[in-house]
Q: 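Pasting a structure here, questions to come.
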Amino acid sequence: MLLEVILSRPNMLAAYDRVVGNKGAAGIDGVEAADFQSQLQRDWAQVKSQLENGSYQPNAVKRVTIPKPNGGERHLGIPTYMDRLIQQAISQVLVQQYEPTFSETSYGFRNEKNAHQAALKAKEYINAGYSHVVDLDLSQFFDRVNHDYLMNELSRRITDKRVLKLIHKILRSEIAERTNRIPCKQGVPQGGPLSPLLSNIILDKLDKELEKRGLRYVRYADDCSIYVKSKRSGERVMESITRYIEKELKLVVNTVKSSVTRPWSMKLLGFTFYHRKGEKGISVHRKSIAAYKDKVRIITCRSKPYSMVLRMEHMRQLNQGWGNYFKLSEAKSVFEELDMWVRSRLRLCYWHQWKKPRTRITELIKLGVSPNQAYQWGNTRKGKWRSVQSPMLRRAMSNSYLKKEGFTSLTDIVKPPKTVNV
DNA sequence: TAGCCGTCGAC
RNA sequence: GUUGUCGACGGCUA
């Protein structure tokens, strides 16, 4: 019954569009987005019948290790395109069933909810006098999910045994490292389309427990903070909730990174809170500001052969992403100071290049700008950066020019660009 | 209003 | 060697 809904044509088509549209890397079988359609045409009839009679076995997931910003490592499990399609199809159906029953103050991976709202909710609690925070950190949450617990939880709401068995097989699918294959005893694959939903299904139990105890909290994926009125009650809550998580949910609380603190010394989704001279408000955490500054430094690095046009395009990209982020900040002085800093760096950059306008003009012409306009843009001394935002120029830049320079997006220049070691 | 594409952020 | 979900913004087309 439920399986038929999952395998219905409109659902599968929607899942296909999503999976291909993501243009993600290939799984263990090496099938890319471009090859996937032909693979599907060849194998889908067989895979579908295997799914229907319960004999389908998911492929192993590809293990990729990426560094975390704070120094640690993060393991990704990349399923094949076929498995991503199946997981996406399951996810689309299960979301409809589960989403309405999730808690109001859970914000991660939820439709029509974002980090913005979570931070505002936290602020609301703090202004209501709940000015001590229990900051819970679950260590390697995705990797430590207990399969038995999760399956048991799923079987309460999903009656179709075939779907349950399929999900169980997806959870247990092997992890392929360079040479060997390891069976998966616990955890959900970080990188599977179904994983975010599964994480919310597990931690929804935590939400319901916190609500039962009448506590104020905000949760974003595995990042959970509880708001209380005193340090004493905070420590009591920390104690009992840690016990609950470890005994009932079979997860591990990172006791080193979890703590009972004040709002102004915590980092919540890139934000923080301040309380100075009776003024309470929300601000951007210094680590986020530092990250922003690092990116600006790279964009405005004068020693790099990096054209002013491209610098401005990257600044625009960066700001459109961070604009919203900073918009919530009520600490105006911090924002203005940062703005001044960026402007001064850009001005320095521009002056450096301004010495040779001719090269700038030819550069613009090479990008496909008409000579008239290139002369106009290239010769202006200041204040003309905004005029570079024409559709034609942007198209020229995002395709040929950026590829020729060796980077395709901002994230590529932040990371060291293509080191070839032999 | 719908669709397509691109970029950024949180986890 | 970089996946996934969600959100936001920008562009284009009818």
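Atoms considered below: every heavy atom in the structure, side chains included; atoms not considered: hydrogens, waters and symmetry mates. Letters A, B, ... are given to chains in the order of the sequence lines, protein chains preceding strands, and every chain is numbered from 1.
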Q: Check whether any side-chain N or O of A:Q88 sits under 4.0 Å from OP1 or OP2 of C:U5, and answer yes or no.
A: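 For C:U5, OP1 or OP2 has a side-chain N or O of A:Q88 closer than 4.0 Å.
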
Q: Once you apply a heavy-atom cut-off of 4.0 Å, does A:E112 come out as touching a base, just sugar-phosphate, or nothing?
A: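 If one applies the 4.0 Å heavy-atom cut-off, A:E112 turns out to touch the sugar-phosphate alone, with no base involved.
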
Q: Which atom pair, heavy atoms only, marks the closest approach of A:S173 to A:P58?
A: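 For A:S173 and A:P58, the tightest heavy-atom pair comes out as CB-CB, 4.2 Å.
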
Q: So what does A:L269 touch, heavy atoms closer than 4.0 Å: a base, only the sugar-phosphate, or nothing?
A: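 The answer is sugar-phosphate, as A:L269 gets under 4.0 Å only of primed atoms, P, OP1 or OP2.
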
Q: Whole angstrom is fine here: how far is it from CG in A:L76 over to C1' in C:U2?
A: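 For the pair A:L76 CG and C:U2 C1', the rounded distance is 6 Å.
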
Q: If I take atom CG in residue A:D204 and atom P in nucleotide C:U5, what distance separates them, rounded to the nearest angstrom?
A: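 The distance from CG of A:D204 to P of C:U5 comes to 21 Å, rounded to the nearest Å.
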
Q: Suppose we screen for side-chain contact (heavy atoms from CB on, under 4.5 Å). Which residues come up paired with A:R213, at least two apart in sequence or across chains?
A: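 Only A:E209, A:L215, A:S240, A:I241, A:Y244 meet the side-chain contact (heavy atoms from CB on, under 4.5 Å) criterion with A:R213.
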
Q: May I ask you to decide whether A:R276 forms a salt bridge with A:E279, counting only side-chain N to carboxylate O separations under 4.0 Å?
A: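 Looking at A:R276 and A:E279, the cut-off is not met.
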
Q: A:L198 CG to C:C6 C1': how many Å, rounded?
A: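 Taking atom C1' of C:C6 as the reference, CG of A:L198 is at 15 Å.
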
Q: What is the separation between atom CZ on A:R110 and atom P on C:C6, rounded to the nearest whole Å?
A: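 Whole-Å distance recorded here is 12 Å.
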
Q: Take the protein atom CG of A:L94 and the nucleotide atom C1' of C:G4, then report the distance between them rounded to whole Å.
A: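 After rounding, the gap between these two atoms is 16 Å.
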
Q: To the nearest Å, give me how far apart NZ (A:K113) and C1' (C:C6) are.
A: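 These atoms are roughly 12 Å apart.
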
Q: Which range-with-range stems can be found for RNA chain C when each stem has 3 or more Watson-Crick or G-U pairs in a row and both distances sit under 3.5 Å?
A: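 When the pairs of RNA chain C are grouped into runs of at least three, the stems are B:1-11 with C:4-14.
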
Q: Is any side-chain nitrogen or oxygen of A:R18 closer than 4.0 Å to OP1 or OP2 of C:G4?
A: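 No, because none of the side-chain N or O atoms of A:R18 sits under 4.0 Å from OP1 or OP2 of C:G4.
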
Q: Is the phosphate of C:U5 approached by A:R84 (side-chain N or O, under 4.0 Å from OP1 or OP2)?
A: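 No.
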
Q: Starting from P on C:G4, measure out to CD1 on A:I170 and report it in whole angstrom.
A: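 So the two atoms are 15 Å apart, to the nearest Å.
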
Q: For a quick check of understanding: with a heavy-atom distance under 4.0 Å over all strands, which category does A:K68 fall into, base, sugar-phosphate or nothing?
A: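 No contact at all - A:K68 keeps every heavy atom at 4.0 Å or more from the nucleic acid.
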
Q: Is there a side-chain polar atom (N or O) of A:N200 under 4.0 Å from OP1 or OP2 of B:dC11?
A: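 For B:dC11, OP1/OP2 do not have a side-chain N/O of A:N200 under 4.0 Å.
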
Q: Would one find a side-chain N or O of A:K267 under 4.0 angstrom from OP1 or OP2 of B:dC11?
A: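 True: A:K267 side-chain N/O within range (under 4.0 Å) of B:dC11 OP1/OP2.
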
Q: Looking at A:K68 and A:E73, is there a salt bridge between them, counting it only when a charged N and a carboxylate O are closer than 4.0 Å?
A: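 No, A:E73 and A:K68 are not salt-bridged.
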
Q: Determine, for A:E153 against A:K205, whether the closest basic-nitrogen to carboxylate-oxygen distance falls under 4.0 angstrom.
A: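 Salt bridge: yes.
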
Q: Pick the nucleotide of RNA chain C nearest each of A:P67 and A:G108; which residue has the one closer to the 5' end?
A: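 The 5'-side residue here is A:P67.
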
Q: Of the options C:G1, C:U3, B:dC11, whose atoms approach the side-chain atoms of A:A221 most closely?
A: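 Taking heavy atoms from C-beta onward, the closest nucleotide is B:dC11.
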
Q: Check this for me, if you would: do A:D223 and A:R219 make a salt bridge, where the nitrogen-to-carboxylate-oxygen distance has to be below 4.0 angstrom?
A: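 Between A:R219 and A:D223 there is no salt bridge, as every charged N stays at least 4.0 Å from the carboxylate O atoms.
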
